[in-house]
Amino acid sequence: MPETEIGKITHYFNKIGVAAIELTGDLSVGDTIHVKGHTSDWTHGIDSMQVEHDSVEKAGPGDSIGIKVDGHAHEHDVVYKVTD
């Protein structure tokens, strides 16, 4: 699967399963991400995302977004967008 780096995890809220991502690339609802770090390696489809507690359909470089994820994320994990 080809991938493009689009950001890094800046925080993971364990109790609610939400990852905060600082984006360096574009991300939209419907995209699939791959999170990779020292102990992380999982993919997740983006069903929804938020910027400052407001739901958005897409975000770009410089945005800090929050997404609910199934996998456990760690600060500094790298986020890739899976491209076809």
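Throughout, numbering of the chain's residues begins at 1 and tracks the sequence.
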Side-chain heavy atoms under 4.5 angstrom apart, residues restricted to Ile, Leu, Val, Met, Phe, Trp, Tyr: same cluster for [X] and [Y]?
X: Ile6; Y: Tyr12; answer: yes
X: Val79; Y: Trp42; answer: yes
X: Leu23; Y: Val56; answer: yes
X: Val78; Y: Ile46; answer: no
X: Val18; Y: Val29; answer: no

Test side-chain contact (heavy atoms from CB on, under 4.5 Å) applied to Asp26 and Lys58, step by step: CA-CA 7 Å; Asp26 295 320; Lys58 57 180 155 183; over 6 Å; no
Give the minimum heavy-atom separation between [X] and [Y], together with the two atoms involved.
X: Ile21; Y: Ile33; value: CD1-CD1, 4.4 Å
X: Ser55; Y: Gln50; value: OG-NE2, 4.0 Å
X: Phe13; Y: Ala20; value: CE1-CB, 4.3 Å

Gap between atom [atom2] of [Y] and atom [atom1] of [X] - 0.5 Å precision:
X: His76; Y: Thr10; atom1: NE2; atom2: OG1; value: 9.5 Å
X: Asp31; Y: Lys81; atom1: CG; atom2: NZ; value: 4.5 Å
X: His44; Y: His34; atom1: NE2; atom2: NE2; value: 13.5 Å
X: Glu75; Y: His11; atom1: CD; atom2: NE2; value: 6.5 Å

Tabulate below the donor-acceptor pairs under 3.5 Å that side-chain atoms of residues 63-71 make, not counting sequence neighbours, or state none.
{"residue": "Asp63", "atom": "OD2", "partner": "Gly60", "partner atom": "N", "Å": "2.8"}
{"residue": "Lys68", "atom": "NZ", "partner": "Ile16", "partner atom": "O", "Å": "2.5"}

Polar side-chain atom of Thr24 near backbone of Pro61 as donor-acceptor pair, under 3.5 Å: no
Determine whether a donor-acceptor pair (N or O, by modelled atom type, separation under 3.5 Å) exists between the side chain of Ser40 and the backbone of Ala73. no
Establish, yes or no, whether a centroid distance under 6.0 Å links the rings of His74 and His72. yes
Residues in salt bridge (charged side-chain N to carboxylate O under 4.0 Å, His left out) contact with Glu5, at least two apart in sequence or another chain: Lys8
Filter on salt bridge (Lys or Arg N to Asp or Glu O under 4.0 Å), then keep only pairs touching residues 40-52, sequence neighbours left out; what's left? Lys36-Asp41
